[in-house]
There are 2 protein chains.
Amino acid sequence: MKPTGPEVPLTQPASNQIQRGADTHAGESRETILDTAEALFARHGYEGVGLREIARLAQLSKSALFHHFPTKMDLYLAVLARIFGDLEGCLSEASSSEGSALARLLAWVDAMLDALAERDTRAPLLMRTLFEGEVLEHDSDTPEVNGPLKRILEAVSSLLHEGIEAGDLRPIPVPHATQSLIGVLLFHFASGGFGDEILGRPVFSATEIRRHKEFVLSFIETGLSARPNHPQGALGS
Amino acid sequence: MKPTGPEVPLTQPASNQIQRGADTHAGESRETILDTAEALFARHGYEGVGLREIARLAQLSKSALFHHFPTKMDLYLAVLARIFGDLEGCLSEASSSEGSALARLLAWVDAMLDALAERDTRAPLLMRTLFEGEVLEHDSDTPEVNGPLKRILEAVSSLLHEGIEAGDLRPIPVPHATQSLIGVLLFHFASGGFGDEILGRPVFSATEIRRHKEFVLSFIETGLSARPNHPQGALGS
DNA sequence: GTCTATAAAGCGATAGAC
DNA sequence: GTCTATCGCTTTATAGAC
C-alpha cells in the first residue's frame, strides 16, 4: 500500500479492561498476535492485510503465526471473537440497571459508547463485520462472533419494543430504529482520519469522547422518546 | 474469495437517473467497466477486488481495461467521482428549497436518502470512502472526489449552524451532529445482508425504503429540533 | 482499441529441520 | 514452538502484435 511507518506499535500492551487469564507468560505471543492483527484489520480490512505484515509487526515468522492460527480467517475470527465478547459485557451491565425501558436503552448506549471509545480498533472492526457480510461467509459463522451479536441485537430490539408498548418511546419501526442506532453508535468511532478532520481534533481525545457521548445520548433520547421534555439529556454518566 | 455466481449482472444497464452525455456508442465500454467495478468495489472493497474479475465481468481483457484506466486506483477514483458528483446534485436540489434551516436540512436528508436508495452500491462505497481513509491517500485525493465531499459537508455544517442560531435546532455540537447524521444516513443502506436480516425483508425493497425514510426523517427532526412538537414527522415526501 | 504473453512481486499455506 | 525454504497461485502492470 505504501512504505508504512510504525503504524502499529511494535509491541502493543494497550490491551484493555478485560485481562484474560492470570497466566504471566502462557499464550503471550498469542495475545501479541491478536493485538497486532486487530490493529491492522481495523485499518485495512481483512483483504487489505497480509500475514507477512502481521508476522513482521508481531515479531515472529509467518510459519510461527500459522502454528497459532491455522488459517488467516481463523486469526480474523479470533480477533472478532475477543471484541464481541467484550461488547456483550456492556449489555449485562446495562440490562441489569433499573428504570424505564428508555432509561435502560440509554444506559446500554452509554456503556457501548464507553466500550467503543476505549480502543480505536473496535468500532471499525464491528462496522466491517456488519457491512462486509461476505467475509464471514453467511452461516459458516463462528458462534463466538454470531452468538454475542445476536444476543445484543435481540436485547436492543426487546428494549425498543418494551419502550414503545410502555409509551416511553414513539411508535417507531423497531428494525429501522435499530439500524439507525447502530449507525449513530458505530460510525463516529469508526471514521478514523475523516472524523478527526470533521472535529478538528482527535476523535479519541478525552474531551471529544465526552462531548460525543453527551450529544449522542441527548440525540437518541429526544429523537426516540415519546415525551421529549428534556432540553439537555443529562444522564448519570 | 469463492466460486461466485453471477454476482454482478453480466451487463449492467441499471445506470441511474443521470444519463451522462448524449453519445450513443462513444465510451460505451468505459461505462460498462465503471458499472461493473462499482458493484464489485461496493461489495468487496478496494483490496478485495482483482482487475481480473472486473475484466471478466465487463467482458474484456485485463489489458483492455488498463487502456481505459491506467491503474487500479484510477478506476476506483473514477467510480467514486461518478457517485460523488451525483450526490452533490442532491445538495443543490435541497438547498434551493425554501423554509427554515431545519426544513432545508430535512429536505437535504430526504434527497440524500432517495439518492442512496436508488442504487445499492452508493452507500457502501461512500461509507468505505469515509472510514477507509487510507485508500485515498490523504492529500493525493482527486478533486472530483474531494471537492463534492467538502462542499456537501460544508453545506450541512452551515445548515446546522444556521438552525442553531435561528433557534430551530437545539444547541448541539455541529461536528458531532454531522457525524451522527452521516452514520444514520449511510449505515442502513450500506449494511447489505445484515440489514436484510434485521428487517426480515430486503433493505432496498420499495416498502422498506419508504418506511426507513419516514423513520429517519422523524428521528432527525425530533432529535435535533428545539421544539419537537411533532409526534409524527410528516414531511412533504 | 483489443488482444496474448509475460514480467515481477505478493499472497496464503506447507514441509521439514531444530 | 519457531525457524528457513519453497510451492502454487494471484496480483498489478507492461510489451508488443494486430
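All chains are named by letter (A, B, ...) in the order of the sequence lines, taking the proteins before the strands, and each is independently numbered beginning at 1.
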Self-check item: Spacing of A:L65 atom CG relative to D:dT4 atom P, expressed in whole Å
Solution: 14 Å
Exercise. Mark yes when over 12 heavy atoms from residues, nucleotides or ligands other than A:E197 sit less than 6.0 Å from its CD; otherwise mark no.
Key: no
Quiz item: Does the side chain of B:E208 come under 3.5 Å of the side chain of A:H176 through a donor N or O and an acceptor N or O?
Solution: yes
Quiz item: Which whole-number value in Å describes the distance from A:D74 CG to C:dA13 P?
Solution: 9 Å
Quiz item: Under 3.5 Å, is there a donor-acceptor pair linking the side chains of A:S29 and A:H68?
Solution: yes
Exercise. Considering only NZ, NE, NH1 and NH2 on the basic side and carboxylate oxygens on the acidic side, decide whether A:K72 and A:E47 come within less than 4.0 Å.
Key: no
Exercise. Starting from P on C:dA13, measure out to NE2 on A:H68 and report it in whole angstrom.
Key: 16 Å
Practice problem: Between D:dT2, C:dT14, C:dC3, spot the one nearest the side chain of B:S63, thanks. | Solution: C:dC3
Any N/O pairs under 3.5 Å between the protein and nucleotides 10-12 of chain D? List them or say none.
| unit_1 | atom_1 | unit_2 | atom_2 | d |
| --- | --- | --- | --- | --- |
| D:dT12 | OP1 | B:V49 | O | 3.2 |
| D:dT12 | OP1 | B:K72 | NZ | 3.0 |
| D:dT12 | OP2 | B:L51 | N | 2.9 |

Quiz item: Does the pair A:H212 and A:F189 meet the rule for a ring-ring contact (aromatic ring centres under 6.0 Å, His included), with working shown?
Solution: CA-CA 10 Å; A:H212 185 70; A:F189 290 118; 5.3 Å; yes
Quiz prompt | Pairwise side-chain contact, A:D35 with A:R82, heavy-atom cut-off 4.5 Å (strictly under) | solution = yes
Quiz item: Counting only side-chain N and O atoms of B:S61, is one of them less than 4.0 Å from OP1 or OP2 of C:dT2?
Solution: no
Self-check item: Rounded distance (Å) that lies between atom P of C:dT2 and atom CZ of B:F69
Solution: 11 Å
Practice problem: Measure from CZ on B:R30 to P on C:dT2 and round the result to the nearest Å. | Solution: 12 Å
Quiz item: Rounded to whole angstroms, how far apart are NE2 on A:H67 and P on D:dT4?
Solution: 16 Å
Quiz prompt | Gap between atoms OH and C1', on A:Y76 and C:dA13 respectively (whole Å) | solution = 20 Å
